[in-house]
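The shown structure was predicted, so the numbers you read here are calculated from the model rather than taken from an experiment. Numbers for residues simply follow the sequence, beginning at 1. Numbering of ligands and ligand atoms starts at 1, following listing order.
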Amino acid sequence: MRIEQMKLEQRDGELLDQVVSYAKDYLKELEKLQVYPDEKSLNQLEVFDEELQAEGTKAQTVLEMLQNYGKDATVNHGGGKYFGFVMGGNLPVSQYARVLADIWDQNAGLYLSSPIAGKLEEVCERWLVSLLGLPEHTAASFVSGSSMANFYALLTARNEVLRRQGYDVVQQGLYHTKPIRVVLGEEAHSSIIKALVLAGFGKESMEFVPVDDQGRMRADQVPELDENTVLILQAGHVNTGAFDPFDELCDKARKAGAWIHIDGAFGLWAATSKTRKNLTKGIEKADSWTVDAHKTLNIPYDSGIAFCRNRESLVRTMQASGSYIQFSEHRDGMLYGVEMSRRARGIELWAALKYLGRDGVAKLIDTLCEQASYLANRLKAMGLLVENEVVYNQVIVRRETEEETQQLLKAIQDSCEIWCGGAIHQGRKVIRFSVCSWQMTREALDQSVACISKLL
Ligand SMILES: Cc1ncc(COP(=O)(O)O)c(C=O)c1O
């Protein structure tokens with residue numbers, strides 16, 4: 001061990017200066033950097049294909065390798081021209097708060113292991129519940145993303161539906177329970193299916209409800225619900241951005257005693273917006289919700305949140321114990337989730353919320369939606385066919401033929417100047433644009449449109 005060396009590296013600041021200088025260069029160049037690495041940059045990655053040597057490497061050299069060979073193989077989400085998947089952007093204050101928190105090296109498992117992490121998670125829970133208009137006392141679990149948040153919520157749903165029937169999953173396990181029904185839209189996000197399968201539901205227990213041409217669940221097609229059912233709804237369809245009719249469906253499900261989960265990975269934020277709030281009417285009647293801060297809220301990755309109306313249900317499901325564990329009177333993160341040790345995710349989340357305030361969050365969402373409409377109009381004017389109702393931040397387009405659409409998609413991806421993904425919508429190939437970052441300014445959108453025009 002090079003203890004003296006490491007002490008020096010930690011304290012004299014030279015290494016940190018090296019990183020800060022690399023970071024500053026990267027951030028300064030963001031708008032000019034290519035959006036996707038070119039072939040040369042990808043080929044350079046071969047330098048990492050070495051055997052692990054017996055001798056270590058100087059810290060400066062390790063960082064230099066990342067700068068010289070890693071940086072050019074990054075995907076640049078920060079220049080406002082990356083429209084792939086639903087990725088989000090980065091609010092500087094949140095990103096830097098995270099850097100600070102990483103340097104603090106906090107473990108958010110217990111209040112005892114990080115009072116600041118415990119305090120800020122408690123504050124974020126309260127602020128978010130109020131911001132999203134969820135029922136008072138709703139509990140939050142700070143997880144890695146919406147896939148995990150869906151998993152947490154559905155584990156809780158499963159245990160609670162069975163508990164209400166007199167069955168304690170924590171004590172008795174699952175082997176002798178009767179199957180729970182799951183009712184979900186035909187176009188529910190794939191992370192929901194994954195979460196359900198991991199939670200032991202099995203594909204045969206899933207009852208898929210037909211959807212309309214935007215992927216919204218058709219209320220008139222929902223089967224009879226009962227207290228042995230989990231109904232899964234969606235705020236923000238991954239391609240069209242559409243929202244299920246929550247108000248009507250939640251009333252029906254509540255009356256029947258079913259558990260309602262809403263996957264709102266990027267769409268739940270509409271509840272904070274002045275112009276899009278109507279899309280989320282009725283969400284407060286659900287039992288659990290999923291949202292990502294690393295998408296629409298523009299927090300660095302590794303920030304999803306599972307909400308549960310009934311705090312006890314979540315805590316009972318996630319039960320935590322151990323004679324060496326010291327719980328406190330404050331918020332102990334591990335009571336709300338699977339992980340014991342984890343990053344203090346609440347710190348960068350708090351920083352973003354504190355920075356934006358209520359109005360700032362609303363403005364961020366409203367702006368993303370306006371930019372999406374603007375982009376859709378520009379693409380339409382160029383002769384592309386806009387295939388969705390642009391109600392939120394997603395735009396999907398195609399050309400006349402499948403072949404032309406595929407050619408344009410390939411040209412976009414090969415250009416390295418902008419990046420879009422593809423999908424199938426209503427049986428046809430489409431090109432997806434997710435307007436999900438504050439960096440997608442009019443200027444960035446105009447440059448992207450000019451690039452597409454050139455490729456066409
Ligand atoms: C509706 C929906 N749910 C869940 C997810 C999964 O989120 P994550 O990538 O944070 O795991 C996504 C991702 O785009 C999504 O759109």
Practice problem: Compute the minimum heavy-atom distance from S191 to ligand 1 and say whether it is under 4.0 Å. | Solution: yes
Practice problem: Please state whether K295 comes within less than 4.0 angstrom of ligand 1, counting heavy atoms only. | Solution: yes
Quiz prompt | Atoms in ligand 1 with a heavy atom of S146 nearer than 4.0 Å | solution = 4 (C), 5 (C), 6 (C), 7 (O), 8 (P), 10 (O), 11 (O)
Quiz item: Is F266 touching ligand 1 with its side chain, its backbone, both, or neither, if touching means heavy atoms under 4.0 Å apart?
Solution: side chain
Practice problem: Please report which non-hydrogen protein atom sits nearest to atom 10 (O) of ligand 1, along with the residue it belongs to and the distance in Å to one decimal place. | Solution: D292 OD2, 2.6 Å
Quiz item: Relative to the heavy atoms of G145, which atoms of ligand 1 are at a distance of less than 4.0 Å?
Solution: 10 (O)
Quiz item: Where the closest heavy atom to atom 5 (C) of ligand 1 is concerned, which of M148, H189, M87 has it?
Solution: H189
Quiz item: What heavy-atom pair brings I260 and A286 nearest, and what distance separates the two atoms?
Solution: O-CB, 3.7 Å
Self-check item: Mode of H294 contact toward ligand 1 - side chain, backbone, both, neither (heavy atoms, under 4.0 Å)
Solution: side chain
Quiz item: More than 12 heavy atoms of other residues, nucleotides or ligands under 6.0 Å from NZ of K119: is that the case?
Solution: no
Quiz item: Is it true that atom CZ of F201 has more than 12 heavy atoms of other residues, nucleotides or ligands lying nearer than 6.0 Å?
Solution: yes
Quiz prompt | Shortest protein contact, atom 3 (N) of ligand 1 (heavy atom only) | solution = D263 OD2, 2.7 Å
Quiz prompt | Within 45° cone and under 6.0 Å: R216 NZ/CZ vs F243 ring | solution = no
Quiz prompt | N-O pairing of E29 and K32 below 4.0 Å | solution = no
Practice problem: Could you list which atoms of ligand 1 come closer than 4.0 Å to a heavy atom of A265? | Solution: 1 (C), 2 (C), 3 (N), 4 (C), 5 (C), 12 (C), 15 (C)
Quiz item: Should the pair Y69 and F48 be assigned to parallel (<30°), tilted (30 to 60°) or perpendicular (>60°) ring geometry?
Solution: perpendicular
Quiz item: Which ligand 1 atoms, with their elements, are less than 4.0 angstrom from a heavy-atom of G236?
Solution: 1 (C)
Practice problem: Identify the protein heavy atom lying closest to atom 11 (O) of ligand 1, giving its residue, its atom name and the separation to 0.1 Å. | Solution: S147 OG, 2.6 Å
Exercise. Please work out which of the three classes, parallel, tilted or perpendicular, describes the rings of Y82 and H77, given edges at 30° and 60°.
Key: perpendicular
Exercise. Compare every heavy atom of L409 with every heavy atom of C420, then report the nearest pair and how far apart it is.
Key: O-CD1, 3.6 Å
